[in-house]
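Structure, as structure tokens:
Just so it is clear, the structure is predicted and the values come from calculations on it, not from any experiment. Convention: sequence-line order gives letters A, B, ...; per-chain numbering from 1.
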Number of protein chains: 2
Amino acid sequence: MIKLSRLTDYAVVVLAEMARTNGELAAASVLAAKTGIPEPTVSKVLKTLSRNGLISSVRGVAGGYKLERAAGEIPVSLIIAAMEGPISLTSCVSGSHESCALEGSCSMHGRWNPVNAAIRGALDKVTLADMNRGRL
Amino acid sequence: MIKLSRLTDYAVVVLAEMARTNGELAAASVLAAKTGIPEPTVSKVLKTLSRNGLISSVRGVAGGYKLERAAGEIPVSLIIAAMEGPISLTSCVSGSHESCALEGSCSMHGRWNPVNAAIRGALDKVTLADMNRGRL
DNA sequence: TTAAAGTGGATAAAAACAGTCCTGTATTTT
DNA sequence: AAAATACAGGACTGTTTTTATCCACTTTAA
């Protein structure tokens, strides 16, 4: 089981809820009430999404968050990347030598790249709108 | 960053090493020496792979492990599934209601299914042989 | 019968995560 | 101007997962 963090899951739920009102301004507290997710958590998710440009925020009384684009133009890959950083399956990827303990002897440098590319491709093709549609 | 467990990473390294000798019988200690991964860890990985039918084991003196099929016929999806269980992105998937705290109110039941299908498809297409080829 | 090699399960240390809370800043309303 | 509402950013903590290792047991060849 490849795991997404639970926050990513929440992010999709919250974004889907926002999409339902066409992405219009909504306060964190409202979204928390609508989704049933605790407010501090919703707030955390929204802050992260905002920092990554998926949604924009309005401060002050009557403030809130709104979608920056239509649900059909938000691929899942973007949501995941916003919540968890770049999409890739290991730390042993070309460019980042940091955490590979085997280093020189590791015969796998860059090997995951084709896999990662495949996954990114797959995630690019599914949008928030698709997920909203695919109801059971 | 979608994370694979480190053991899965090791599994690929070890399997790739086995593929290099055409999947012939090799003891865990030998594979450990060749890959530079600590023996107890290699051993654990091999046990898991064996239990899942990707490799077969021979007990006793002069025993070891060997590949059950050619590298070109081992998709990454199989390796990942063997090490981490079924490939899917959340616990909130059709069929398993266990860990979804929102349950009834969660509007996302089954929504990840298209995403998971996309990922599975992508992982099915990349084989161990592909990864061995794609050297930097 | 002994030594090499795999099997299965248990465990302990380390790391990551989720969830919460607090302080600060912006904006609107009164 | 002050007060109230709402976002921003970060710090903290308990829990869960992961990782790596070890041990007692089984199998088999010499």
Side-chain angles (χ1 to χ4, degrees), chain A residues 1-11 13-14 18 24-33 35-66 68 80 82-85 89-92 98-102, chain B residues 1-11 13-14 18 24-33 35-66 68 80 83-85 90-92 98-102:
Chain A
M1 176 90 73
I2 301 177
K3 264 189 325 203
L4 290 181
S5 96
R6 188 173 299 207
L7 288 195
T8 304
D9 208 351
Y10 291 156
V13 174
V14 170
M18 293 177 81
E24 287 181 0
L25 202 65
S29 57
V30 172
L31 292 170
T35 58
I37 302 169
E39 183 177 334
T41 302
V42 169
S43 190
K44 186 178 194 172
V45 167
L46 289 168
K47 277 186 266 184
T48 303
L49 292 173
S50 172
R51 238 180 272 130
N52 286 280
L54 262 153
I55 61 182
S56 59
S57 65
V58 177
R59 286 188 161 203
V61 182
Y65 297 91
K66 64 185 173 200
E68 277 293 281
I80 296 179
M83 299 303 296
E84 328 209 0
L89 283 186
T90 45
S91 45
C92 196
E98 338 138 345
S99 48
C100 180
L102 301 173
Chain B
M1 175 90 72
I2 300 179
K3 262 191 329 201
L4 287 183
S5 95
R6 187 172 299 206
L7 287 193
T8 304
D9 207 351
Y10 291 156
V13 175
V14 170
M18 293 177 81
E24 287 182 1
L25 202 64
S29 57
V30 172
L31 293 171
T35 57
I37 301 169
E39 183 176 337
T41 303
V42 169
S43 190
K44 185 178 195 172
V45 167
L46 289 168
K47 278 187 268 186
T48 303
L49 292 173
S50 171
R51 238 181 269 130
N52 286 281
L54 262 154
I55 61 182
S56 58
S57 65
V58 176
R59 285 189 160 204
V61 183
Y65 297 90
K66 65 184 173 201
E68 277 292 280
I80 294 178
M83 299 304 296
E84 326 210 0
T90 44
S91 47
C92 196
E98 338 137 347
S99 48
C100 180
L102 301 174

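Atom P of nucleotide dA16(C) and atom CE of Met83(A) are separated by 18 Å, given to the nearest angstrom. Leu46(A) places its CG atom 19 Å from the P atom of dT5(D), with the value rounded to the nearest Å. If you take CD1 of Ile55(A) and C1' of dC7(D), they are 10 Å apart, rounded to a whole angstrom. As rounded to whole Å, 12 Å separates atom P of dA6(D) from atom OH of Tyr65(A). Rounding to whole angstrom units, CG of residue Leu49(A) and P of dA8(D) are separated by 11 Å. Atom P of nucleotide dC21(C) and atom NZ of Lys44(A) are separated by 13 Å, given to the nearest angstrom. Taking atom CD of residue Glu84(A) and atom P of nucleotide dA16(C), one finds them 14 Å apart after rounding to whole Å. To the nearest angstrom, P of dT19(D) lies 13 Å from CD1 of Ile37(B).
The phosphate of dC17(C) (OP1 or OP2) has no side-chain N or O of Tyr10(A) nearer than 4.0 angstrom. Thr41(A) has a side-chain polar atom (N or O) that falls below the 4.0 Å cut-off from OP1 or OP2 of dT20(C). Contact between the side-chain N/O atoms of Arg6(A) and the OP1/OP2 oxygens of dT16(D) is not found at any separation under 4.0 Å. One finds no side-chain N or O of Ser57(B) lying less than 4.0 angstrom from the OP1 or OP2 phosphate oxygen of dA5(C).
A 4.5 Å side-chain heavy-atom check between Ile37(A) and Val14(A) finds at least one atom pair inside the cut-off. Using a 4.5 Å heavy-atom threshold, the side chains of Leu46(A) and Met18(A) count as touching.
Judged by distance alone, the side chain of Glu84(B) and the main-chain N or O of Ser5(B) form a donor-acceptor pair under 3.5 Å.
Using a 4.0 Å heavy-atom criterion, one finds that Ser43(A) contacts no nucleic acid atom at all. Backbone-only contact: Leu7(A) has heavy atoms under 4.0 Å from sugar-phosphate atoms and none from a base.
Counting only N and O atoms by type, the side chains of Ser29(B) and Glu39(B) include no donor and acceptor under 3.5 Å apart.
The side chain of Arg51(B) approaches dG8(C) more closely than any other nucleotide in the set dG8(C), dT19(D), dC7(D).
For dG9(D), its base sits under 3.5 Å from the side chain of Lys47(A) at one donor and acceptor pair at least.
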What's touching nucleotides 24-26 of chain C from the protein side, N or O pairs under 3.5 Å?
from: dT25(C); atom 1: O2; to: Arg59(A); atom 2: NH1; distance (Å): 3.1
from: dA26(C); atom 1: O4'; to: Arg59(A); atom 2: NH1; distance (Å): 2.7

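Mapping Ala27(A) and Pro40(B) onto DNA chain D by nearest heavy atom places Ala27(A) closer to the 5' end of the strand. Nearest-nucleotide positions on DNA chain C for Thr8(A) and Glu39(B) put Glu39(B) closer to the 5' end.
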